[in-house]
Amino acid sequence: MTDRDLIAKIERLKGDVININTEIPSSQKMVKQYGKDVVAVLNIMIGRLSNVHEL
């Protein structure tokens, strides 16, 4: 598996987390915050993997 394949899988996972997070009721604030945190970590992972190709 190449880094680009891994980035694509992480991006799909990020999209799934975003979709799940939007389905959670607004009364579940802590759960929604955890979802946002997961998306932030996935963004960092994507950024780090993308930077490997730029070097």
Side-chain angles (χ1 to χ4, degrees):
M1 176 184 304
T2 66
D3 284 346
R4 289 182 185 184
D5 294 335
L6 185 56
I7 290 170
K9 286 185 178 193
I10 294 171
E11 286 176 342
R12 284 194 298 273
L13 178 62
K14 178 182 138 187
D16 291 344
V17 171
I18 290 170
N19 288 337
I20 290 168
N21 207 35
T22 57
E23 303 270 328
I24 296 172
S26 60
S27 62
Q28 299 291 324
K29 292 180 185 195
M30 183 159 298
V31 176
K32 288 184 86 62
Q33 186 58 49
Y34 286 147
K36 290 177 184 178
D37 293 343
V38 170
V39 170
V41 169
L42 293 174
N43 280 332
I44 291 169
M45 291 173 66
I46 291 168
R48 297 266 173 113
L49 286 169
S50 296
N51 288 340
V52 169
H53 290 291
E54 294 175 5
L55 297 177

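These numbers come from the heavy atoms of this one structure, side chains and all, not from hydrogens, waters or symmetry mates.
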(message) I want to check something: taking the side chain as every heavy atom from C-beta on, are Leu13 and Lys9 in contact at a cut-off of under 4.5 Å?
(response) no
(request) Measure across Gly35 and Val17 and return the closest heavy-atom pair with its distance rounded to 0.1 Å. (result) O-CG1, 3.8 Å
(request) Please tell me if the side chains of Ile10 and Leu49 come closer than 4.5 Å, counting only heavy atoms from C-beta onward. (result) yes
(message) Would the distance check show the side chain of Lys32 and the main-chain N or O of Ile24 forming a donor-acceptor pair, the cut-off being under 3.5 Å?
(response) yes
(request) For the residue pair Lys36 and Asn21, confirm or rule out a side-chain donor-acceptor distance under 3.5 Å. (result) no
(request) Following the transitive rule for hydrophobic clusters with a side-chain heavy-atom cut-off under 4.5 Å over Ile, Leu, Val, Met, Phe, Trp and Tyr, establish whether Leu6 and Met45 coincide in one cluster. (result) yes
(request) Determine whether Leu42 and Val38 make a side-chain contact, defined as any pair of heavy atoms from C-beta on separated by less than 4.5 Å. (result) yes
(message) Let me confirm one number: the CD1-CE distance from Ile7 to Met1, rounded to the nearest 0.5 Å.
(response) 11.5 Å
(message) Do Gln33 and Asp37 pair up side chain to side chain, a donor and an acceptor below 3.5 Å, judged on atom types alone?
(response) yes
(request) State the CZ-OG distance between Arg4 and Ser50, to the nearest 0.5 angstrom. (result) 9.5 Å
